[in-house]
Novice: 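The structure is given below, and queries will be raised subsequently.
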Amino acid sequence: MRAAAQLFPLLSLVGQVLGESFDANINYGSPSRRHAGLGLDVPLIERRFVKRDDRTYDPKELNFTHGVASGDPYPNSVILWTRIAPSLKSDESNVVVSGTAPLYNHDTEPYIKASKNPICVEYKVYSDKEARRVVDKGKAYTTSDIDYTLKVEAKNLRPFTKYWYQFNVCGTDIKSPLGRTKTSPNENDSGKDIKLAVFSCSNYPNGYFNAYGNVARKDNVDYVVHLGDYIYETKKGKLGTDERATDPPNAIFTLYDYRTRHGQYRSDLDLRATHEQFPWIPVWDDHEIANNGYRDGMSALNNTEESFLNHGGISVDQRKMNAVRAYFEWMPIRQVDMDDNLRIWRSFQLGKTMDLIMLDTRNYDRSITDLGWNADYIDLIGNDAARTLMGSHQENWFYNQLSKSQKRGATWRVIGNQLVFSRGARVVDGKLTMAGDNWNGYLSNRNRTFKHWYDNDIGNNIMLAGDSHKNWVSDLVWLDEHPYDPATGEGSVGVEFAGTAVSSTGYGGTLATADETAESWVTQNAEMHWIEGYYRGYFELHVSPKEAVARYYGCPTVATRNAWEIPLANFTVKAGANRLSRPLAGGNVEAGYLSDGTITHTNLTLNTETGEWKEIGFEQMFIQY
Ligand SMILES: *[C@@H]1O[C@H](CO)[C@@H](O)[C@H](O)[C@H]1NC(C)=O
Ligand SMILES: *[C@@H]1O[C@H](CO)[C@@H](O)[C@H](O)[C@H]1NC(C)=O
Ligand SMILES: *[C@@H]1O[C@H](CO)[C@@H](O)[C@H](O)[C@H]1NC(C)=O
Ligand SMILES: *[C@@H]1O[C@H](CO)[C@@H](O)[C@H](O)[C@H]1NC(C)=O
Ligand SMILES: *[C@@H]1O[C@H](CO)[C@@H](O)[C@H](O)[C@H]1NC(C)=O
Ligand SMILES: *[C@@H]1O[C@H](CO)[C@@H](O)[C@H](O)[C@H]1NC(C)=O
């Protein structure tokens, strides 16, 4: 804006007025405000509007298309999100304007259709759900350049407090749904109990998002943590025939593709309800971009001329950039470093009770992974000291965060990470197997993490993981380096709670065969104490200064949209104990395999809508087509 102002003083007057509101929409800055080539040339967009004729949208043409969302809570502020778009008919009347971004037309291929008209949106934040007392408000613009998304920061809020918020088209009565959110505690607040719902792996065509709906209906948590695979890039089903077929119908590569896929997911009512009710703290895993990614490739796209030509002229980096841009547009998160467009690793101080450290073990700067065709090679190099899962920049930040957290006297260090951290080695057909795409393929990075915990005497660590589509509960122990007693948990530095998928496939088969598979994993890994891979679902993590409790819940089926939920197991960790409390899970779980205790299939299921309990068993777990 400054350069433009020097050249065109008159223009800058209008620009300043507009400019303020353009800046208010954070999405104009993502993924890189400073490097226009990577993101948007905002001064150019502003100049475009200065030159426009005066036609703006008839408010009647506009709709809040995907509800509202909030996220990344701080003590005094939170991110608010919505999307407002013109109906397709009026959109067609807009001219195509070229910019630094690629262009698209809505019906076909990788072109952004730039609309001439900015849409003005006001937002208000209320301290009451009747929406009477306004505590913050503002105004921002959106355009097709950012897929009509709108992301603002609500400010002047009080810590650990619930707020309600709503958007409207400027000067009109056209309103979004009313959302609810909550700020984080002040960093020095002690004695706070924090409740999280932890999700991962929500594959839209694979099943209904009942797990999201259950958490919204129960309304029992403060924040939602999503550990990634929030969308999937793959294709499934036939649009128009199969109810949850993917849109677009192809595997996604272009910016248009990624935006459309995000839009499809956010049209799911259960997902939308969870966004409207809780602030989210998400990180991506591989599928927000593409399966089994690393810094230079993905399992289904090589960084080679052949692959480039076979995939419509989209390179690995360009595909990643398209995915990242759509992610920042659609997710209610902060971009904590505007000079680092790939960075989503960040942390939250949730009072003195805990620090929540969110990692990117997937896309940031990861050494080569198992891409399917190179599994033997990854087996060979998995123990190389030079390998890194997180990249040195993030790794150093991570270790620093752990130390800082200990120093400031936070009781717990909860680490939101994608991949199962515990070893999980298993002999299959006489051969020791460890999947190379998770921490097992990056032993040196895991060792350095353990070393930092042990050497600095940092305890009360809780690793969270998704990615695997199964529930795993383990003590955190550096086997072969530190003595460990599986009976008591002595020798461990914390625990790991890994969750099953919202709807992605687990062990498959029957409840009985899934229990058997779980048993073979648990019995071959001393530090693993419960595994369960039949049910889809999520877990809640209740963290207080005295203890942390993980409550696991399953959805008996995701083949239909329903409100049924089955409690699977509860695990407690006492502050200072650094291991799971014994007897494990109070001695009994609903399914899977417990290293020491009983498994009872009660099939006792709660309807989260009616409150009814019923012994129920469903025949079919997933949508089949
Ligand atoms: C806006 O959404 C409502 C409800 O879905 C729909 O009835 C109406 O046709 C939409 N308006 C436009 C202009 O698309
Ligand atoms: C928290 O306490 C520390 C140490 O007393 C202090 O430096 C810091 O400013 C406090 N933070 C807030 C938000 O009050
Ligand atoms: C990537 O390259 C490897 C090695 O040449 C090959 O086996 C694999 O099929 C290629 N993958 C794609 C998606 O082109
Ligand atoms: C990591 O630690 C394990 C267990 O002590 C050891 O076997 C392995 O060689 C170590 N690898 C690296 C790269 O440090
Ligand atoms: C876990 O604890 C909750 C709350 O007390 C309870 O409702 C649930 O039934 C428990 N789950 C199991 C499997 O015991
Ligand atoms: C319990 O549920 C499982 C899985 O849904 C089912 O296979 C089994 O038949 C059910 N058992 C009873 C007694 O209903």
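Note that the structure is a prediction, hence the values are computed from the model and not measured. Just so you know, ligand 1 is whichever comes first in the structure, and atom 1 is the first atom listed for that ligand.
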Novice: Using the ring centroid of each side chain, check whether Y223 and W280 are separated by less than 6.0 Å.
Specialist: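 Centroid separation for Y223 and W280: 6.0 Å or greater.
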
Novice: Check whether any heavy atom of F450 sits under 4.0 Å from an atom of ligand 4.
Specialist: no

Novice: When only distance counts, is N447 in polar contact with ligand 4, meaning an N/O pair under 3.5 Å?
Specialist: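 Yes, at least one N or O pair falls under 3.5 Å.
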
Novice: Under 3.5 Å between some N or O of ligand 4 and some N or O of E481?
Specialist: yes

Novice: Which residue supplies the protein heavy atom nearest to atom 13 (C) of ligand 2, what is that atom called, and how far is it?
Specialist: N186 OD1, 3.1 Å

Novice: Yes or no, since that's all I need: does a protein heavy atom fall within a distance strictly under 4.0 Å of atom 7 (O) of ligand 5?
Specialist: no

Novice: Hey, is atom 4 (C) of ligand 2 touched by any protein heavy atom at less than 4.0 Å?
Specialist: no

Novice: Of the side chain and backbone of A569, name the one, both, or neither that has a heavy atom under 4.0 Å from an atom of ligand 5.
Specialist: backbone

Novice: Are the aromatic rings of Y553 and Y538 close, with centres under 6.0 Å apart?
Specialist: yes

Novice: Would a distance-only check, ignoring hydrogens and angles, find a side-chain to backbone donor-acceptor pair under 3.5 Å from E519 to I531?
Specialist: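 Here the side-chain-to-backbone pair does not exist.
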
Novice: Using 4.0 Å as the upper bound for N to carboxylate O, is an ion pair formed by K218 and E540?
Specialist: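 Between K218 and E540 there is a salt bridge, with a charged N closer than 4.0 Å to a carboxylate O.
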
Novice: Protein non-hydrogen atoms only, distance under 4.0 Å: does atom 11 (N) of ligand 4 have such a neighbour?
Specialist: yes

Novice: Does R551 have a non-hydrogen atom less than 4.0 Å from ligand 5?
Specialist: yes

Novice: For atom 14 (O) of ligand 2, what is the nearest protein heavy atom, given as residue, atom name and distance?
Specialist: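 Its nearest protein heavy-atom neighbour is N188 ND2, 3.4 Å.
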
Novice: State whether the shortest distance between N or O atoms of S444 and N or O atoms of ligand 4 falls below 3.5 angstrom.
Specialist: no

Novice: Report yes or no: is the cationic atom of K182 (NZ for Lys, CZ for Arg) under 6.0 Å from the centre of the six-membered ring of F160, at an angle within 45° of the ring normal?
Specialist: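 The answer is yes, since K182 meets both limits relative to F160.
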
Novice: Give the residue, atom name and distance (to 0.1 Å) of the protein heavy atom nearest atom 1 (C) of ligand 5.
Specialist: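 Protein heavy atom at minimum distance: N570 ND2, 1.4 Å.
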
Novice: If you count the atoms of ligand 2 from 1 in the order shown, which ones are under 4.0 Å from a heavy atom of E187?
Specialist: 11 (N), 12 (C), 13 (C)

Novice: Measure from the ring center of W345 to the ring center of H393 and say whether it is less than 6.0 Å.
Specialist: yes

Novice: Just going by heavy-atom distances, which of A591, P567, A550 is nearest to atom 9 (O) of ligand 5?
Specialist: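 Answer by nearest heavy atom: P567.
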
Novice: On the ring face of F278, is R180 found with NZ or CZ under 6.0 Å from the centre and within 45° of the axis?
Specialist: yes

Novice: Go through the steps to decide whether Y126 and W164 satisfy the test ring pair (Phe, Tyr, Trp, His ring centres under 6.0 Å), and finish with yes or no.
Specialist: CA-CA 5 Å; Y126 305 95; W164 288 259; 9.2 Å; no

Novice: For the residue pair Y212 and F199, does the interplanar ring angle fall in the parallel (under 30°), tilted (30 to 60°) or perpendicular (over 60°) class?
Specialist: perpendicular

Novice: Quick one: does any side-chain atom of N570 pair with a main-chain N or O of A585 as donor and acceptor, under 3.5 Å?
Specialist: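 No, the answer is negative, given that no donor and acceptor are paired below the 3.5 Å cut-off.
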
Novice: Which ligand 4 atoms, with their elements, are less than 4.0 angstrom from a heavy-atom of L479?
Specialist: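 So the answer, numbered in order with elements, is 4 (C).
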
Novice: Which of the atoms of ligand 5 are close to L568, meaning less than 4.0 Å from one of its heavy atoms?
Specialist: 13 (C)

